[in-house]
Amino acid sequence: HDNYIGGNNTNNILISAIDIASHIRIHHNFIDAARLYSIQIETGSASTYPSMITVDHNTGVGYGIDDGFLYCKDLTLGMPSATNIVVEGNTVQYYLRTPFRFDKVYGITFSDNIVRAYNSQNSTDNAVLNSAGMVATSCKDVHASGNVYGGGINDPTGTNYCQYGSSFVT
């Protein structure tokens with residue numbers, strides 16, 4: 001709460017459930033760029049996964065060096081990367097790719113986030129990772145509402161390859 005967190009080599013915040021990671025809230029912070037994702041949530045073992053994580057009312061700035069703000073990463077351990085994730089009221093900008101990426105999450109509430117100036121890497125491959133809002137692969141029970149998706153910053157007058165709001169990929 002009310003922290004500055006930034007400038008780390010890999011992630012600014014890592015939640016890896018080796019035993020139990022539950023009822024965690026990350027809120028009201030200024031989260032500055034990291035080399036990969038500012039916040040990464042992942043399963044750390046084949047027998048447990050993070051659950052009931054809330055990421056709300058943070059400001060995130062990637063400065064064109066951070067891949068994204070939040071990544072729920074599937075480490076292919078046979079478990080979901082996380083369950084019951086709430087992401088709401090965050091304002092994020094200037095990330096290389098999509099600011100929010102969810103892989104194999106069961107239960108996502110994604111609401112009232114403001115996303116702008118993404119794909120600052122100027123990727124031209126039309127990948128879903130160029131989505132403004134979020135990418136959800138192999139996820140279940142996803143609810144998205146009230147989000148504001150701005151455009152890319154690379155070429156707003158022409159083809160900027162920032163053509164997806166939310167992407168749901170199976």
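Computed from heavy atoms alone, side chains included, the values below leave out hydrogens, waters and symmetry copies. Quick caveat, the model's predicted, so the values are computed rather than measured.
- When ring centroids are compared, Phe69 and Phe100 come within the 6.0 Å threshold.
- Of the possible polar contacts, one joining the Asp66 side chain to the Gly68 backbone as a donor-acceptor pair under 3.5 Å is found.
- In terms of heavy atoms, Thr10 sits closest to Ala34 at O-CB, 3.5 Å.
- Nearest heavy atoms, Thr43 versus Pro80: OG1-O, 2.5 Å.
- No path of Ile, Leu, Val, Met, Phe, Trp and Tyr side chains, each step under 4.5 Å between heavy atoms, connects Leu14 with Phe102, placing them in separate hydrophobic clusters.
- Partners of Asp32 under the side-chain hydrogen bond (donor to acceptor under 3.5 Å, both in side chains) rule, at least two apart in sequence or in another chain, are Tyr4.
- Linking Ile, Leu, Val, Met, Phe, Trp and Tyr residues whenever their side-chain heavy atoms come within less than 4.5 Å places Ile24 and Ile13 in a single cluster.
- With sequence neighbours excluded, no residue satisfies ring pair (Phe, Tyr, Trp, His ring centres under 6.0 Å) with Tyr49.
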Asp141 and His143: CA distance, side-chain angles, deciding distance, side-chain hydrogen bond (donor to acceptor under 3.5 Å, both in side chains) verdict: CA-CA 7 Å; Asp141 196 21; His143 302 275; 2.8 Å; yes
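- Closest non-hydrogen pair, Arg25 versus Asp56, comes out as NH2-OD2, 2.8 Å.
- Atoms CG and CG, from Asn9 and Leu36 in turn, are 8.0 Å apart once rounded to the nearest 0.5 Å.
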Check against side-chain contact (heavy atoms from CB on, under 4.5 Å), Ile26 and Asn58: CA-CA 8 Å; Ile26 301 167; Asn58 297 288; 4.1 Å; yes
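- Note that the OG atom of Ser22 and the CE atom of Met52 stand 4.0 Å from one another [nearest 0.5 Å].
- The minimum heavy-atom distance linking Gln93 with Arg116 is given by the pair OE1-NE, 2.7 Å.
- Contact record, Ile85 with Ala82: CD1-CB, 3.6 Å, taken as the closest heavy-atom pair.
- Linking ILVMFWY side-chain heavy atoms closer than 4.5 Å, directly or via other members, places Leu75 and Met79 in two distinct hydrophobic clusters.
- Panel note: side chain Asn11, backbone Tyr37; a donor-acceptor pair is recorded below 3.5 Å.
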Residues Leu70, Ile41; criterion side-chain contact (heavy atoms from CB on, under 4.5 Å); working and verdict: CA-CA 8 Å; Leu70 172 64; Ile41 300 171; 3.9 Å; yes
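- Taking hydrophobic clusters as Ile, Leu, Val, Met, Phe, Trp and Tyr residues chained together by side-chain heavy-atom distances below 4.5 Å, Ile5 shares a cluster with Ile39.
- By the salt bridge (charged side-chain N to carboxylate O under 4.0 Å, His left out) test, Asp103 is found to be paired with Arg101, residues two or more places apart in sequence or in another chain being considered.
- Considering only residues two or more places apart in sequence or on other chains, Arg35 meets the salt bridge (charged side-chain N to carboxylate O under 4.0 Å, His left out) condition with none of them.
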All N/O donor-acceptor pairs, side-chain side in residues 106-115, below 3.5 Å, sequence neighbours left out:
| residue | atom | partner | partner atom | Å |
| --- | --- | --- | --- | --- |
| Asn113 | OD1 | Gly89 | N | 3.4 |
| Asn113 | OD1 | Asn90 | N | 3.0 |
| Asn113 | OD1 | Asn90 | ND2 | 3.1 |
| Asn113 | ND2 | Val87 | O | 3.1 |
| Asn113 | ND2 | Ser111 | O | 3.2 |
| Asn113 | ND2 | Asn147 | OD1 | 3.1 |

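- Ring-plane geometry between His57 and His28 is classed as parallel, the angle between the planes falling under 30 degrees on a 0 to 90 degree scale with a further cut at 60.
- Of all heavy-atom pairs spanning Ser38 and Ile31, the tightest one is CB-CG2, 3.6 Å.
- Residues Ile15 and Val92 share a single hydrophobic cluster, defined by chaining ILVMFWY side chains whose heavy atoms lie under 4.5 Å apart.
- Scored by the side-chain hydrogen bond (donor to acceptor under 3.5 Å, both in side chains) test, Glu42 finds Ser16, Gln40 as partners (sequence neighbours excluded).
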